[in-house]
Amino acid sequence: MDASEIGIGEVGSFGWRVFHERHPVMIERLCAATPFGPDVREALSALLRESTGGVVEPLEDDAPDHGVWAGWIAGQVGRPWAETSFLWAESYFFRKLLAATGFFAPGPWRGVDPFAPMKRAELHNAATAETLKALDELPHLGDADRDAAVVQAAVWGNQADLAFQLSTDASGATSGLVAGSPEEFWSLFGEPGVVHLVADNSAGELAADLVLIDRLLTTGRADRVVLHVKPGPYYVSDATPTDVLEVLHHLRDLPGEAGAVGERVQNALREGRIGVRAHPFFCGPKEFGAMPEDLRAELASAAVTIFKGDLNYRRLVGDRHWQPTTAFDDVAVRLPGPVVSLRVLKSEVVVGLPADVVASLDASGEAWRTQGSHALIQSTPVT
């Protein structure tokens, strides 16, 4: 099976709007949140000019990941950005943005997450506070209802995506699942084993992920969970090891069930029942079919691998113009154990939908693939 890659060159397309509308707003907010000097602000402006109307320029830093990126950009340097794939271009844009802010260079901004103010504000805003307060209802639910609530929170927590919130078409509405169910998710878990969770965003979504991890451990469905995050800042709100600590500390400082979850997660980390990994490939521009052997070997040990969010979905099935009725199992990267995706739709690619659902969504006239109003739970079968 094959389908063409989604690009950024077609004027008015979703990928084009990300580069021409979302990125300028994001950089404006970065500069408002952090007092970057003229050199950084000019470097960011130059990146916008390059990525919206120029050709791909090589990296000029000597960061630790320079060598691996040299392989990832091979064949792309000198090519017009408009001719590159959306997945590759967006990833390279954020790698160059880090360099432009001085993240890798000697100076005051070395190692400083340029997105930290945005992530911190989202973690402490009223909506997140309300969501975390709602965790107090969980102990009063029966097991089945608690299972369903925890999965729903993990799915819809993916709306807490700061890059997506910069889009002009981010409605924030929630119309429901278009595929799958919490019951499908929990059916994947048999004998307890190691569960891997590949995280997406920090703040509210990561808090929901920690609640899900806590449920996996306290119900005995997993005897250990490995949480995969990004090794460095990426895609505005993507979770890093620093974000794991910040979200965990925030939970522990709260009263009620949120604080209890935070205590249990911290204890599980200390006991080794939760591990945190940050493989460089998760900040790369390749689909998961191209993952390096060491990462593939680690995921091969999983009883179940959970992929959170839109970007991981794009990398899992291929960021391509698939027919939406294409079977998820036909295109998702295969691992020895079952794979499940929890995702809010915020980009064009989608597979695994029944034809009648697609027809109904198309007839609605809404931009249902990209506006964050629909979600899915999709899995490969248990073998």
Quick one: do [X] and [Y] make a salt bridge, cutoff under 4.0 Å?
X	Y	answer
Lys119	Asp113	yes
Asp147	Arg215	yes
Arg264	Glu271	no

### Message
Using side-chain contact (heavy atoms from CB on, under 4.5 Å), reason through Val155 and Leu177 one step at a time and then give a plain yes or no.
### Response
CA-CA 9 Å; Val155 171; Leu177 293 173; 4.2 Å; yes
Can [X] and [Y] be counted as having a side-chain donor-acceptor contact under 3.5 angstrom?
X	Y	answer
Glu184	Ser379	yes
Tyr92	Gln76	no
Thr219	Arg221	yes
Ser373	Gln371	yes
Ser91	Tyr234	yes
Asp319	Trp88	no

Quick one: do [X] and [Y] end up in the same hydrophobic cluster if we chain Ile, Leu, Val, Met, Phe, Trp and Tyr together by side-chain heavy atoms under 4.5 Å apart?
X	Y	result
Phe94	Val77	yes
Trp16	Phe86	no
Val244	Val247	yes
Val211	Leu248	yes
Phe189	Val194	no

Answer whether the closest heavy-atom distance between the side chains of [X] and [Y] falls below 4.5 Å.
X	Y	value
Thr370	Leu345	no
Leu212	Phe185	yes
Leu217	Ile274	yes
Arg277	His196	no
Arg320	Glu287	yes
Leu342	Ile306	yes
Gln378	Leu353	yes
Val226	Leu197	no

Looking at [X], I'd like to know if its [atom1] atom is crowded, meaning that more than 12 non-hydrogen atoms belonging to other residues, nucleotides or ligands lie closer than 6.0 Å.
X	atom1	answer
Asp356	CG	yes
Glu60	CD	no
Glu263	CD	yes
Glu42	CD	yes
Arg49	CZ	yes

So, for [X] and [Y], which heavy atoms are closest and what is the spacing to 0.1 Å?
X	Y	answer
Pro255	Asp136	O-OD1, 4.4 Å
Pro114	Leu97	CG-CD2, 4.3 Å
Ile377	Pro182	CD1-N, 3.8 Å
Lys286	Leu87	C-CD2, 4.2 Å
Pro117	Ala33	CB-CB, 4.0 Å

How many angstroms lie between [atom1] in [X] and [atom2] in [Y], if you round to the nearest 0.5 Å?
X	Y	atom1	atom2	value
Gln266	Leu245	CD	CG	9.5 Å
Asp238	Lys230	CG	NZ	4.0 Å
Arg334	Arg296	CZ	CZ	11.5 Å
Asp145	Gln152	CG	CD	11.5 Å

### ring-ring contact (aromatic ring centres under 6.0 Å, His included), paired with His23, selected from Trp81, Tyr235, Phe93
Phe93
### Message
Under the salt bridge (Lys or Arg N to Asp or Glu O under 4.0 Å) definition, can you give me all pairs with a residue in residues 368-380, not counting sequence neighbours?
### Response
none
### Task
Please list all pairs passing the salt bridge (Lys or Arg N to Asp or Glu O under 4.0 Å) test where one or both residues lie in residues 73-99, with sequence neighbours left out.
Glu50-Lys96, Asp61-Arg95, Asp65-Arg95, Arg79-Glu83, Glu90-Arg314
Between [X] and [Y] (side chain of the first, backbone of the second, donor and acceptor by atom type, cut-off under 3.5 Å), is there such a pair?
X	Y	answer
Ser85	Gly7	no
Ser13	Glu10	yes
Ser360	Val357	no
Thr380	Val339	yes
Ser364	Leu361	yes
Arg17	Gly12	yes

### Message
Under the criterion side-chain contact (heavy atoms from CB on, under 4.5 Å), I'd like the reasoning laid out for Val350 against Trp322: C-alpha separation, chi angles, the key distance, then a yes or no.
### Response
CA-CA 7 Å; Val350 64; Trp322 300 113; over 6 Å; no
Look at the aromatic rings of [X] and [Y] and report parallel, tilted or perpendicular, splitting at 30° and 60°.
X	Y	value
Phe288	Phe281	tilted
Phe282	His279	perpendicular
Trp69	Trp72	perpendicular

### Query
Given Glu257 and Arg146, is the salt bridge (charged side-chain N to carboxylate O under 4.0 Å, His left out) satisfied, shown in steps?
CA-CA 13 Å; Glu257 183 64 9; Arg146 185 162 182 167; 2.9 Å; yes
### Task
Would you sort out whether Val317 and Phe307 count as a side-chain contact (heavy atoms from CB on, under 4.5 Å), showing the intermediate values?
CA-CA 11 Å; Val317 305; Phe307 288 94; over 6 Å; no
#### Entry: Pair Trp109-Phe36, ring pair (Phe, Tyr, Trp, His ring centres under 6.0 Å): steps then yes or no
CA-CA 9 Å; Trp109 309 118; Phe36 293 128; 5.3 Å; yes
#### Entry: Candidate pair Ser347 and Asp310, rule side chain to side chain donor-acceptor pair (under 3.5 Å), full reasoning
CA-CA 7 Å; Ser347 65; Asp310 198 76; 2.7 Å; yes
#### Entry: Full working for side-chain contact (heavy atoms from CB on, under 4.5 Å) between Leu210 and Leu251
CA-CA 10 Å; Leu210 295 181; Leu251 288 176; 4.0 Å; yes
